[in-house]
Every structure is written in structure tokens, then in C-alpha cells.
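Taking it in order: structure first as C-alpha cells, then the write-up.
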Amino acid sequence: MHELSIAMSIAEIVEEESRLADSIKVEKITIEIGTQSGVMIEALQFAMEEVIMHSSFKDAVVSYEIITATASCEECCHEFDIQDFFMVCPVCNSSKTFLIRGKELKIKSIVIERNN
Ligand SMILES: [Zn+2]
């Protein structure tokens with residue numbers, strides 16, 4: 001499963017980052033995910049739960065920030081949200097459009113507790 005390997009690499013990054021930061025506890029992980037990232041959000045959430053259960057940060061809270069994909073029209077400069085792969089401008093019907101955001105898939109932040 002695609003999402004499982006993504007979840008595993010996210011966990012690896014979190015593990016590495018928290019080790020580098022001398023963390024004693026990972027409190028919260030925020031993942032930014034675009035609606036055009038090619039990842040099924042529910043599947044990723046499910047995979048993250050599985051992976052975290054077997055990690056050193058079982059109690060970490062994972063929060064997801066969904067970024068709605070937005071495209072812009074080259075003809076009339078109109079910006080619009082896209083639901084699927086249909087990217088025709090709703091104002092002028094042009095198909096000369098390009099994606100501004102929505103392909104994101106990254107760890108936005110990791111909140112840790114440190115041993116002072
Ligand atoms: Zn347009």
C-alpha cells in the first residue's frame with residue numbers, strides 16, 4: 001500500500017528529528033496534505049495510526065491540515081478550487097490552467113518535549 005510506505009517514511013523522519021533534538025517525547029506531528037497529492041487522506045490516517053503504534057512515540061497526536069487544491073487560469077487569471085482532475089476555468093472555460101497548490105505532502109511541524 002502506497003500510504004503505508006509514506007506513513008513509514010514520515011515516522012522515520014520524526015524519529016530522526018526527535019533524536020537530533022534530544023527529545024524525550026514527541027507530542028504532536030502536523031502533516032500537511034494537498035487534495036491533489038495523490039494520497040488518500042483516510043488511508044494515510046489509518047496507516048499513520050498503525051505505524052505510530054509500533055514506534056517510540058505511541059502517544060503522539062497526529063493532526064492533518066488539508067490543503068484544497070487551487071488552480072489559476074492563464075487566460076483570465078481567475079483562481080478556483082478544484083475537486084478532482086477537472087481543471088477547466090469556471091469563468092472563461094479555458095483549459096489553460098495550472099495548479100497553484102494542492103500537491104503538498106509534508107511534515108509541517110513536530111512538537112517535542114525535551115529533557116532540560
Ligand atoms: Zn479563465
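Predicted model only: the values in this text are computed from it and were never measured. Every number for a ligand or one of its atoms is a count from 1 in the order of the listing.
The backbone N or O of C73 lies less than 3.5 Å from no partner atom in the side chain of E79, so there is not a single donor-acceptor pair. For the pair R114 (side chain) and A21 (backbone), a donor-acceptor distance under 3.5 Å is present. A donor-acceptor contact shorter than 3.5 Å links the side chain of S18 to the backbone of V14. Between the side chain of E104 and the main chain of G102, a donor-acceptor pair closer than 3.5 Å is present.
No hydrogens or angles considered: nothing links the side chains of E15 and S55 as a donor-acceptor pair under 3.5 Å.
Side-chain heavy atoms closer than 4.5 Å link hydrophobic residues (I, L, V, M, F, W, Y) into clusters, and following such links, possibly through other members, connects I29 to I112.
Protein N/O/S atoms closer to the Zn ion (ligand 1) than 2.8 Å number 4 in this structure.
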